[in-house]
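Here is the structure we will look at.
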Amino acid sequence: MPEYQLHVAIALAVALTTSLGVFALSRPDETKNALPTFVEGEEGLARDPFDVTTPEDFIDGMPIDEERFWSKMRLRKLAVTAILAIILAIQAVSLGWSIAEDDRTNIAVYSLHVAFALYTLVLAARAINQTYSQHSSSIIHLSALTFFATVLLTITALLPSEPLPVVSVFQSSVTPLALWYTVYALYAICMAIIVTTPRGPPLHFPSSKIYSDKTLMQVTSNYEDNVCGMPSVSVLDYLLFSYTTKVVMLGYTSESLEIGDLPIVTADMRATATFAKMRAAIRRWKLKIGSWRPRPGSGIELAYRLLRVNAPAMTAVIVLAAISAVLFYVPAYFLKRVVQYLEIDNAREFRGWGFLFCVALFASHATTQILTGQMWSLSTTTMQVRLRLQLNSILFAKTLVRKDVASSTGTAPGADAPAAPTNGAAPPAAEATPEADKKGEKKDDEDDFSSKAQIMTLMTTDVDRISEFAWHLFTIVDAPIEIVIGTLFLYSLLGVSCFFGLAVTCLFLPMNHFAGKVVVGAQENLMKARDERVALMNEILGGIRMLKFMAWERSFEARVLKVRERELKYQRLNYIIEVLWNAIWNGSPILVTLVSFWHYTVVRKQVLTPSVAFTSISVFNEMKFALNALPETLINMLQTAVSLRRIEKYLHGAEVAPVPPLSSQPRQIALQSATITWPQDRTRAGSVAPSAAPTPRHKFVLVDLTLDFPVGELSLICGKLGSGKSLLLLALLGEADLLSGQMVCPRTPPDTIASFAGVVVPQEEWVVPGVCAYVPQSAWLRNASIKDACACAISPPIAGRYGRVV
């Protein structure tokens, strides 16, 4: 029997214990697919009108030919169970043989082997009648256990009998070697069957539930299993990304590839389910440690909620990063053993060890690449897409309920002069006033998101930066572990000489703090300059006719170039810092290697053998990626913190009052002694109730309005320019600030249109009492034909109604 069997048996026992622990920690939860239905406080009593999800939004798809698929899976699992039963019987015979020979070591070995075989047999027998998630979980566990057993037995089977680089642990057992090789072959066959067993049936999801009719008309490829194969493919196909073959073949065979031709993603990657979970997380999870709570707008609470929502994926990335950081140096170890073998065995009398080390070098590289690929897939595909969906969806939802605070919410003209003190004291010194004004103006600029351009910057640049942090996350875990293990490895090769080389990197560390402060300041200034430039360009394009009539091209061109010059200044500063930083860190590994070899050979007078030199260069090259990734990750972390702070400030902006259901709203439209002004963000002043805020100075105000609009009649609001017609309409919509008095007006819940989805409403019932249709002053045209624009997505258009409109 090959050596190291006690080590193999202990490793299998550890794998068995790990599997049991994973099963215990991941027991099926009846409500794991349901959204939180309980929220503490008064928020739990309010219905969320933005929750328009349906039960089918949380399923991946409907199984295709379900009965036939599960029949095949039962046959496969029966075959696996039979093979594992044979393995258990052979291991029991080997245990009895060892007991008869009174070999205590082999008794311990085969006792652990019997326990492992019994556990896998019970797991396979239990999985025979399992389906869906339970079947998938059992297949994953069986694949991992049989793969682990096969790999360990393969390693011991390949070990040569000549003890050149290693020393034998104990003498060979008297147990027949044929039994051992039979168990090894059966484990290999069992693993081959399990890793190629699909984890679920192919799925179909109706494309009409996701894509519009126009998109479906452009589809050129129709196939029934139109859902991405990630949740149903086998373990081997999942590790090798074989489920992407369908997309590759579509790109090769199709003349044109539209979005409707691509496979539909799983439920946890769709916007509807992702937004529902993020919305529930915002309402449910509040960060509080003792009596401490983060300051609103700091970005800490938003980061906490994103961590809670994406905890499983982030945990998987961190675990894979930690494992990969260790595996990165396994090829270097086997490279050292290959070169050492070439140094020692000049006559090539022990070729078996050379082949073994070469095979181990290839296998370690392959394993590292597979795990690294899964880590990158989770980071760049799963987490990055989810973060972008979560942030964009809550930003869109916030925009729908956010008060349309005008850009003039700052001090109005003439209001910048300080008010005279009431106690007769002298005004503050003139020198201090400009500085205070600059500080206040800077803070207002950071908190102001009054223009569409600034909001679009949040939805594009800031969201992209936060989502891109997903593929920097594993660097935070991976880089420190790589540096520690690489340093220990180098110390075993070069001794104290490695520290002289690594000490060179300490010379660059003081630059981190200074460069970090410069990056944060330049990043904030760049974002403000970009917001200002986009807002100015929108203003120019919106009033291009007036600009041409008044011949203001040159003056506006100068304004745009001035803002653009400031933006390019901060952009150039960002690029200079990043280029210098990367140049330093790209050159540092070379300098570290030269200094280490110089001290090893010149100072310590040591012989630099090929096994030491080549292995050290390999380790230094591996450490280069960790050392280079740290500065880039630090820059991205600082940029992410800035974007988190900006988005959280926007999410804490003033909102319109919640809209109750139509059934509980009155139909009357009236105002009683109402005083109305343009909306303002009063959250900064600390006022909770808008009516408690004082009337703002230098603001347009409608005072003491008493109106009663007749129900079911046509009412016109007439007046000269600037008399407050739009303000009155905004007040009826709940978009303006009611400072005093009372106002009664039915408002439309946000989910009103969604409630009519799939419902055919007769024409005589199109007018729904209490539902408001507001036509803004700015024209809105669809990117479609005139007929489609008039029909407003009604397909097909109603002939009589369309004729009356035209």
Qualifying ring pair (Phe, Tyr, Trp, His ring centres under 6.0 Å) pairs, either residue in residues 463-483, two or more places apart: W376-F474
Going by heavy atoms in the side chains, are [X] and [Y] under 4.5 Å from each other?
| X | Y | answer |
| --- | --- | --- |
| F23 | H141 | yes |
| I394 | R279 | no |
| V14 | T18 | yes |
| L356 | W353 | yes |
| L145 | L123 | yes |
| L158 | F355 | no |
| V619 | Y329 | yes |
| I59 | P55 | no |

CA sep, side-chain torsions, deciding dist, call: T54, D57, side-chain hydrogen bond (donor to acceptor under 3.5 Å, both in side chains): CA-CA 5 Å; T54 59; D57 291 325; 3.1 Å; yes
Looking at [Y], is its backbone amide N or carbonyl O close enough to the side chain of [X] to form a donor-acceptor pair, meaning the two atoms are under 3.5 Å apart?
| X | Y | answer |
| --- | --- | --- |
| H135 | P198 | yes |
| T315 | A311 | yes |
| Q91 | H113 | no |
| N310 | L306 | yes |
| Q384 | I466 | no |
| S242 | Y238 | no |
| Y184 | T150 | no |
| S393 | Q390 | yes |
| S377 | G373 | no |
| D261 | E258 | yes |

For atom [atom1] of [X], decide whether the heavy atoms of other residues, nucleotides or ligands shown that lie under 6.0 angstrom number more than 12.
| X | atom1 | value |
| --- | --- | --- |
| F489 | CZ | yes |
| F614 | CZ | no |
| Y243 | OH | yes |
| Y223 | OH | yes |

From CA spacing to verdict: side-chain hydrogen bond (donor to acceptor under 3.5 Å, both in side chains), S212, T215: CA-CA 5 Å; S212 63; T215 302; 3.1 Å; yes
So how far is it from [X] [atom1] to [Y] [atom2], rounded to the nearest 0.5 Å?
| X | Y | atom1 | atom2 | answer |
| --- | --- | --- | --- | --- |
| L16 | L118 | CG | CG | 9.0 Å |
| L250 | T245 | CG | OG1 | 11.0 Å |
| T381 | Q374 | OG1 | CD | 10.0 Å |
| Q639 | R465 | CD | CZ | 5.0 Å |
| Y110 | I90 | OH | CD1 | 10.5 Å |
| L458 | D462 | CG | CG | 5.0 Å |

Residues [X] and [Y]: side-chain donor-acceptor under 3.5 angstrom:
| X | Y | answer |
| --- | --- | --- |
| T633 | N636 | no |
| R76 | T197 | yes |
| S138 | Q130 | yes |

Nearest heavy atoms of [X] and [Y], plus distance in Å:
| X | Y | value |
| --- | --- | --- |
| L389 | R270 | CD1-C, 4.2 Å |
| S467 | R388 | OG-NH2, 3.3 Å |
| V227 | G61 | CG2-CA, 4.5 Å |
| A281 | V309 | CB-CG2, 3.3 Å |
| A117 | T120 | O-OG1, 2.8 Å |
| A124 | L142 | CA-CD1, 3.9 Å |

Trace of the side chain to side chain contact (heavy atoms under 4.5 Å, CB included) decision for I264 with C228: CA-CA 6 Å; I264 297 175; C228 175; over 6 Å; no
Step-by-step side chain to side chain contact (heavy atoms under 4.5 Å, CB included) determination, R199 to I140: CA-CA 8 Å; R199 294 178 293 124; I140 293 173; 4.0 Å; yes
The single option from V330, V359, L335 passing side-chain contact (heavy atoms from CB on, under 4.5 Å) against S364: V330
Test log, rule side chain to side chain contact (heavy atoms under 4.5 Å, CB included), inputs D225 and K246: CA-CA 11 Å; D225 53 334; K246 181 184 294 185; 3.3 Å; yes
R308 to W285, cation-pi by 6.0 Å centre distance and 45° axis angle: yes
side-chain hydrogen bond (donor to acceptor under 3.5 Å, both in side chains): pairs with one or both residues in residues 59-71, sequence neighbours excluded: E66-Y132
N-O pairing of D268 and K277 below 4.0 Å: no
Residues W180, Q5; criterion side chain to side chain contact (heavy atoms under 4.5 Å, CB included); working and verdict: CA-CA 10 Å; W180 188 91; Q5 291 306 303; 3.0 Å; yes
